[in-house]
Engineer: 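Take a look at this one; I'll ask things after.
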Amino acid sequence: MSHWNGAPDFDKLHSNGMRFTFSKVSQGTSFVDDTFRRNTRNARAAGLTAGAYHFFDYRKGGKAQAKHYLATLKATSGLSGLLPLVVDVETLSSLGTPDKALARSRLHALLDELYAKTGRYPMIYTSRSMWDRVVGGATSFGSYPLWVACWKCDTVYLPRGWKGWDFWQWGQFKTGGKKLDGNVWRSSAVALKQQKQRSMRLARGAEWSTTQTVEADLRG
């Protein structure tokens, strides 16, 4: 969901069998979706597991986008309890035609920075056609979890580099007169909850560390 979807009725979604949501956080290096905080709060209150995504702007530096994404999360929901952080890889006419080699480099930089700052692999959202248009069908990203878009597909067509998917966006549905994108998770409800981000308590109260050593107090 994003600001394009208005204010969904999360209680109704939950009563209809929905168990998770993904909401747009940010785009590029400056845009913030002002519905993210509300969507995340209301989804959790209705009993849904919340996720967050950043729309990749292939015209901007990857590291700067990661910093903007994380800073926006810190100022709104925080990391704890979210599903794996998502980077949305698509083309938009307003962004122009991607330089594929440059887009690959910037996407790697974005993902590397997210991993360095959170200690966890982010997830990529894309379709086979969008992946080809943005990064030229690069095969070097297959170690990242995949949220694949393949609408009304009897067979899910994967982008090059992947052998399977974690989430599948299958199409759209209507609720309360509004259209939302429908998705499925590959496993069980218990496994879905295990996907949530959990804080690591490190030396001097840091949530993560990029130094070569760290002190950890392991209990339980």
Side-chain angles (χ1 to χ4, degrees), residues 20-29 49-73 77 79-92 95 98-151 153 156-170 181 183-187 191-200 207-208 210:
F20 63 89
T21 66
F22 284 100
S23 299
K24 184 175 182 178
V25 178
S26 51
Q27 180 172 328
T29 56
T49 302
Y53 74 89
H54 170 86
F55 196 99
F56 174 57
D57 186 337
Y58 37 82
R59 305 170 304 173
K60 308 287 186 180
K63 190 171 183 179
Q65 292 191 64
K67 289 182 175 180
H68 173 53
Y69 188 6
L70 292 171
T72 307
L73 285 171
S77 69
L79 281 171
S80 183
L82 289 176
L83 291 168
L85 298 185
V86 177
V87 176
D88 183 344
V89 179
E90 300 180 63
T91 55
L92 283 178
L95 303 183
D99 177 322
K100 295 180 177 62
L102 189 56
R104 287 194 294 272
S105 175
R106 287 172 171 169
L107 181 57
H108 270 302
L110 195 169
L111 298 168
D112 288 348
E113 183 69 7
L114 290 177
Y115 177 76
K117 290 296 189 289
T118 67
R120 185 172 183 183
Y121 283 112
M123 182 160 56
I124 294 174
Y125 166 90
T126 195
S127 67
R128 177 184 283 189
S129 61
M130 288 295 184
W131 191 246
D132 288 344
R133 291 179 199 174
V134 179
V135 296
T139 60
S140 56
F141 294 84
S143 60
Y144 291 98
L146 175 66
W147 174 11
V148 63
C150 191
W151 288 22
C153 295
V156 179
Y157 296 101
L158 299 174
R160 278 179 275 185
W162 281 278
K163 295 181 179 179
W165 51 269
D166 286 65
F167 292 88
W168 165 31
Q169 187 172 104
W170 51 263
D181 296 331
N183 302 272
V184 295
W185 156 246
R186 65 176 171 82
S187 188
L192 177 69
K193 291 181 179 180
Q194 291 172 344
Q195 293 295 305
K196 293 193 292 186
Q197 308 268 358
R198 282 161 285 184
S199 297
M200 290 194 301
E207 290 188 359
W208 54 70
T210 56

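This is a predicted model, so every value here is computed, not measured.
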Engineer: Got T91 and M130 here, is their nearest side-chain heavy-atom distance under 4.5 Å?
Structural biologist: yes
Engineer: Among V86, L110, L114, which residue satisfies the side-chain contact (heavy atoms from CB on, under 4.5 Å) criterion with H54?
Structural biologist: L110
Engineer: Checking the side chain of W165 only, and the main-chain atoms of A149 only, is there a donor and an acceptor separated by less than 3.5 Å?
Structural biologist: no
Engineer: Would you say the side chain of V148 lies within less than 4.5 Å of the side chain of Y157, judging by non-hydrogen atoms?
Structural biologist: no
Engineer: Is the closest basic N to carboxylate O distance between D132 and R160 below 4.0 Å?
Structural biologist: yes
Engineer: Is W168 reaching over with its side chain to a backbone N or O of R186, donor-acceptor style, under 3.5 angstrom?
Structural biologist: no
Engineer: Is the closest side-chain heavy-atom distance between V25 and Y69 below 4.5 Å?
Structural biologist: yes
Engineer: Could you tell me whether a side-chain N or O of Q65 sits under 3.5 Å from a main-chain N or O of D57, the two making a donor and an acceptor?
Structural biologist: yes
Engineer: Does either side chain, that of H108 or that of S140, offer a donor lying less than 3.5 Å from an acceptor on the other one?
Structural biologist: yes
Engineer: Below 4.5 Å, heavy atoms only, C-beta onward: do V156 and L158 meet side chain to side chain?
Structural biologist: yes
Engineer: Can L192 and F167 be said to form a side-chain contact (heavy atoms from CB on, under 4.5 Å), step by step?
Structural biologist: CA-CA 10 Å; L192 177 69; F167 292 88; 3.9 Å; yes
Engineer: Taking W170 for its side chain and C153 for its backbone only, find out whether a donor-acceptor pair lies under 3.5 Å.
Structural biologist: no
Engineer: Taking the side chain as every heavy atom from C-beta outward, state whether L95 and F55 have any pair of such atoms under 4.5 Å apart.
Structural biologist: yes
Engineer: Could you check T126, L111, L107, I124 and say which one makes a side-chain contact (heavy atoms from CB on, under 4.5 Å) with F56?
Structural biologist: L107
Engineer: Hey, does L79 have a side-chain heavy atom less than 4.5 Å from the side chain of R120?
Structural biologist: no
Engineer: Can you find a heavy atom in the side chain of L85 that is under 4.5 Å from one in the side chain of Q197?
Structural biologist: yes
Engineer: Got F22 and M123 here, is their nearest side-chain heavy-atom distance under 4.5 Å?
Structural biologist: yes
Engineer: Does atom NZ of K63 have more than 12 heavy-atom neighbours, drawn from other residues, nucleotides or ligands, at distances under 6.0 Å?
Structural biologist: no
Engineer: Which residue in the set Y144, W147, F141, Y125 passes ring-ring contact (aromatic ring centres under 6.0 Å, His included) when paired with W131?
Structural biologist: F141
Engineer: Of all the heavy-atom pairs spanning P159 and L146, show the shortest one and how long it is.
Structural biologist: CD-CD2, 3.8 Å
